[in-house]
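Quick notes on the structure that follows.
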Amino acid sequence: GSSPIEQRRYLQFADRARDGQSERSLPYVEIWVLVARALMIEGGVGPAVLDARRAVEMAEGEPEIIGAALAACARTHFFAGELDEAYGAARRALEQPGMERRVPALAIARATLAFVDAERGRLTSARSHAEAAKAAVGGIGSSRSWLGANASAALGAVLAAEGNLPEAEHQLGHQR
C-alpha cells in the first residue's frame, strides 16, 4: 500500500539486506523482492512477467507467500495482454489456503480477475470480483493507497464496460 517512492526504497533496502541474510532466509527475501518488482512493473512489463514467474517458481511449497507470488504473476500477465495466463494465476492464487487473511494478495488477484472478465465481456463476474477487491481493501483501511487504487480501477473498468461512465469516472478518480 506504500507510495511508489517508498516501494523503491524498500526494494533498495531489501537488495542491501540480502548480503547479510542467512542461507535459510535468503530465498524468502528474494521471493518478496521479485513480487514487489513484478507488482511495480519495475523495468517494464516483460521483465515484470519474468520476475513474477520466478517468484512463483521459488514460492512453490511456501504457503505464506505463494498466493502473493501468484497474484503478482496474474497482474503482470494481464498487463502483458496474456489474459488466459492472468486468469489462471489469479484463480490459483485464490485457491491457496488462508488467502482471506492475505488481503493485499487477495485484492490484487480479485482485481485482476475483474479486469480479465471485463475485457472478455463477463460483466457479472467482473463486478463480483471488483467489489470483492474493494471490500477487502476497505476492510484493512487501505482504500487510499496503491492497493486501493488498483481495486478502484478494476471497479471503474467494470462500470465503464457496463456503460456507466459517470460512476466509472468517479471510481477512477477516487484515488486522487
Please determine whether side-chain contact (heavy atoms from CB on, under 4.5 Å) holds for the pair Val56 and Ile66, giving the CA-CA distance in whole Å, both sets of side-chain angles, and the decisive distance to 0.1 Å.
CA-CA 6 Å; Val56 169; Ile66 186 66; 4.3 Å; yes
Those residues that, when tested against Asp51, pass side-chain hydrogen bond (donor to acceptor under 3.5 Å, both in side chains) (two or more places apart):
none
Can you name the residues that form a salt bridge (Lys or Arg N to Asp or Glu O under 4.0 Å) with Glu64, not counting sequence neighbours?
Arg102
Taking a hydrophobic cluster as the set of Ile, Leu, Val, Met, Phe, Trp and Tyr residues connected by side-chain heavy atoms closer than 4.5 Å, whether directly or through intermediates, do Ile41 and Phe115 fall within one such cluster?
yes
For residues Leu147 and Ala107, report the shortest heavy-atom separation together with the two atoms involved.
CD1-CB, 4.1 Å
Identify all side-chain donor-acceptor contacts of residues 159-168 below 3.5 Å with residues at least two apart in sequence or on another chain.
unit_1: Glu162; atom_1: OE1; unit_2: Arg127; atom_2: NH2; d: 2.7
unit_1: Glu162; atom_1: OE2; unit_2: Arg127; atom_2: NE; d: 3.1
unit_1: Asn164; atom_1: OD1; unit_2: Glu167; atom_2: N; d: 3.2

All heavy atoms of Ala69 vs all of Val35, minimum pair found to be CA-CG2, 3.7 Å
Hey, does the side chain of Ser128 reach the backbone of Thr124 with a donor-acceptor pair shorter than 3.5 angstrom?
no
Can you hop from Ile65 to Ile108 via hydrophobic side chains spaced under 4.5 Å?
yes
Taken to the nearest 0.5 Å, the spacing of Thr76 OG1 from Met40 CE works out to 14.0 Å
Treat each ILVMFWY residue as a node, draw an edge where side-chain heavy atoms are under 4.5 Å apart, and state whether Tyr87 and Val49 are in one component.
yes
Check Ala109 against Leu94 and note the closest heavy-atom contact, atom names and distance.
CB-CD2, 3.9 Å
Taking the basic N atoms (NZ, or NE/NH1/NH2) and the acidic carboxylate oxygens, is any pair closer than 4.0 Å for Asp84 and Arg120?
yes
Drop me the distance from Phe79's CZ to Thr112's OG1, to the nearest 0.5 angstrom.
7.5 Å
Can you name the nearest heavy-atom pair linking Ala52 to Cys73, along with the distance?
CB-CA, 3.4 Å
Identify the two heavy atoms, one from Lys134 and one from Ser152, that lie closest to each other, and give their separation to 0.1 Å.
NZ-OG, 3.1 Å
Between the CZ atom in Arg110 and the CG atom in Asp117, the distance rounded to the nearest 0.5 Å is 10.5 Å
Leu34-Tyr28 co-clustered via ILVMFWY side chain contacts under 4.5 Å
yes
Heavy-atom closest pair, residues Ala90 and Ala74:
N-CB, 3.4 Å
Would you say Leu123 ends up clustered with Val116 if hydrophobic residues are merged whenever their side chains have heavy atoms under 4.5 Å apart, either directly or through other cluster members?
no
Taking the side chain as every heavy atom from C-beta outward, state whether Arg75 and Asn150 have any pair of such atoms under 4.5 Å apart.
yes
Measure the spacing between CD of Glu100 and CG of Leu106 and express it to the nearest 0.5 Å.
8.0 Å
Of Arg54, Arg92, Arg53, which meets salt bridge (charged side-chain N to carboxylate O under 4.0 Å, His left out) against Glu60?
Arg92
